[in-house]
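Here the structure comes first, spelled out in structure tokens, and everything after it is commentary.
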Amino acid sequence: MDKFNNILVVLEANSDTQPALERARHFAESNNQCSITVRLGALSRKNQVTQGSDTEEAFNELLKKNCIDYISPFIEPLKAKGIEVNISLGWGEQPFEGIIRKALEIGAQLVIKSSKLHSKIKNLLFTPTDWHLLRKCPVPVLLVHSSKPEKPKHILAAVSSVSIDDEHLELDHKVIEHAVSLGKMFQAQVKLINAYSAVPLGISLDGAGIYQDEYLAELQKQHHQKTLLLAKKYGIEEDSVETRQGEAHTVICEYANEKAIDLVILGTVARQGLTGILIGNTVEQILDDLECAVLTLKQDNFECPYSEEKDD
């Protein structure tokens, strides 16, 4: 994969900290060609003034000034280090649409946004904007939270060693490529996880699946060998590869928590209609239980529903 030379950061309004911007700084410090564009996640002028009036122009100027005054203290330390930072002020009823359009307009290679950490269940609390970005943004989306602003030390690539089609296989390779590249960038350890489901040999009278120990052992062996072959292509050590039977979201979350993973990289095959909803639900199950940053990637042929029109 290419380095992330162009990053769009979605800032949080009314916040004393900006973990997404802090993570972008990590990328810029590791790559002196990196430029950052910052944008507020929610900014709307709907129903505030009469369109086309003198009041609207005055209101827009005041809103622009207030936004710049709010953003400037966060970006000045980065500029002082020689990092290129630009401000994007967008208007619209749907924040995620403005974010996606801006990402396309500037040719962003990564979108970073922070998500709140739920105090009771200790997982990321995703907003509607987060979910729309995960489903519709063609650019890789990195979601981080304020409790872990440090550079990642342990990165987990989640793949399937037995992909059901070429689309999934290409996405698996894309996930590993990003994991290895980011591992080198941040000097982090890269691990690979593959979750698979065992098909029962039969059904018992009580409706439970029937399995044989020999069958399960052989299936585990086959999946692990294929996972090792996939890892070997990218120089990932054998002791950093794990293959487990079970539902993908359960396996990935359990392993990430066991190994204190800082960043999980997932591939999402985005489709329209019922298939897209079901695939989205699977990813959402994984994200709901993770306690770390999440980077989601889409297939190269993903069709974005939004044009590259300017919204500023």
Side-chain angles (χ1 to χ4, degrees), residues 1 154-184 188-271 275-276 278-290 292 294-301:
M1 58 156 272
H154 303 281
I155 298 174
L156 178 62
V159 301
S160 170
S161 63
V162 184
S163 297
I164 60 176
D165 52 38
D166 291 341
E167 199 169 43
H168 283 81
L169 180 60
E170 291 175 1
L171 196 52
D172 280 347
H173 284 283
K174 189 173 183 178
V175 166
I176 301 176
E177 288 172 358
H178 277 74
V180 171
S181 179
L182 293 178
K184 292 178 180 178
Q189 183 181 19
V190 176
K191 295 182 180 294
L192 188 65
I193 184 74
N194 169 39
Y196 70 94
S197 298
V199 179
L201 298 175
I203 304 296
S204 63
L205 293 177
D206 62 1
I210 299 176
Y211 302 92
Q212 292 180 351
D213 292 341
E214 294 84 357
Y215 161 72
L216 294 176
E218 181 61 26
L219 189 64
Q220 167 71 18
K221 180 180 178 181
Q222 291 178 6
H223 276 272
H224 192 58
Q225 287 178 339
K226 291 180 179 179
T227 308
L228 288 175
L229 288 175
L230 190 60
K232 187 176 181 180
K233 293 180 181 179
Y234 294 91
I236 299 177
E237 298 294 333
E238 184 173 337
D239 58 1
S240 295
V241 179
E242 186 85 8
T243 306
R244 295 186 183 183
Q245 178 190 342
E247 295 294 332
H249 68 276
T250 301
V251 169
I252 293 171
C253 294
E254 287 180 351
Y255 185 82
N257 292 332
E258 289 173 14
K259 302 297 182 180
I261 297 297
D262 304 303
L263 172 63
V264 171
I265 304 179
L266 302 166
T268 62
V269 177
R271 295 193 176 100
T275 303
L278 293 176
I279 291 175
N281 287 340
T282 300
V283 174
E284 289 172 18
Q285 285 180 313
I286 294 173
L287 296 175
D288 276 341
D289 293 328
L290 283 174
C292 60
V294 182
L295 174 63
T296 60
L297 311 174
K298 291 187 179 66
Q299 71 272 30
D300 292 334
N301 62 352

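These numbers come from a predicted model, not from an experiment.
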Discussion item. Could you tell me if the side chain of Gln245 sits less than 4.5 Å from the side chain of Val251, heavy atoms only?
Written reply: no

Worksheet, complete the sentence: side chain to side chain contact (heavy atoms under 4.5 Å, CB included) filter on Ser240, not counting sequence neighbours, yields Gln189, Lys191, Ile236, Glu237

Response to the item:
Smallest heavy-atom separation, Ala248 atom then Ala195 atom, equals CA-CB, 3.7 Å

Worksheet item: When rounded to the nearest 0.5 angstrom, what distance separates NE2 in His224 from CD in Glu242?
Response: 7.5 Å

Worksheet item: What distance do Ile265 atom CD1 and Thr296 atom OG1 have between them, rounded to the nearest 0.5 Å?
Response: 10.5 Å

Worksheet item: Roughly how far apart are Tyr255 OH and Asn194 CG, rounded to 0.5 Å?
Response: 12.0 Å

Worksheet entry | Nearest-0.5 Å distance that lies between atom NZ in Lys226 and atom NZ in Lys221 | 13.0 Å

Discussion item. Test your reading of the model: is there a side-chain donor-acceptor pair from Thr227 to the backbone of His223, 3.5 Å cut-off?
Written reply: yes

Worksheet item: About how many Å separate CD of Glu170 and CG of Asp172, when rounded to the nearest 0.5 Å?
Response: 10.5 Å

Worksheet item: Shortest non-hydrogen contact from Ala231 to Val241?
Response: CB-CG2, 3.5 Å

Worksheet, complete the sentence: Checking Val180, Leu182, Asp262, Val264 against Ile155 for side chain to side chain contact (heavy atoms under 4.5 Å, CB included), the one that qualifies is Leu182

Worksheet entry | Considering all heavy atoms, the nearest Val190-Gly183 contact | CG2-CA, 3.9 Å

Worksheet item: Which of these, Leu297, Leu295, Ile252, Leu171, sits in a side chain to side chain contact (heavy atoms under 4.5 Å, CB included) with Leu266?
Response: Ile252

Worksheet item: Does the side chain of Leu219 reach to within under 4.5 Å of the side chain of Tyr196, using non-hydrogen atoms?
Response: yes

Practice prompt. Check Ala157 against Val175 and note the closest heavy-atom contact, atom names and distance.
Written response: CB-CG1, 3.8 Å

Worksheet entry | Inter-residue atom distance His178.NE2 - His173.NE2, 0.5 Å rounding | 14.5 Å

Worksheet item: Is Glu238 atom CD crowded by more than 12 heavy atoms from other residues, nucleotides or ligands, each under 6.0 Å away?
Response: no

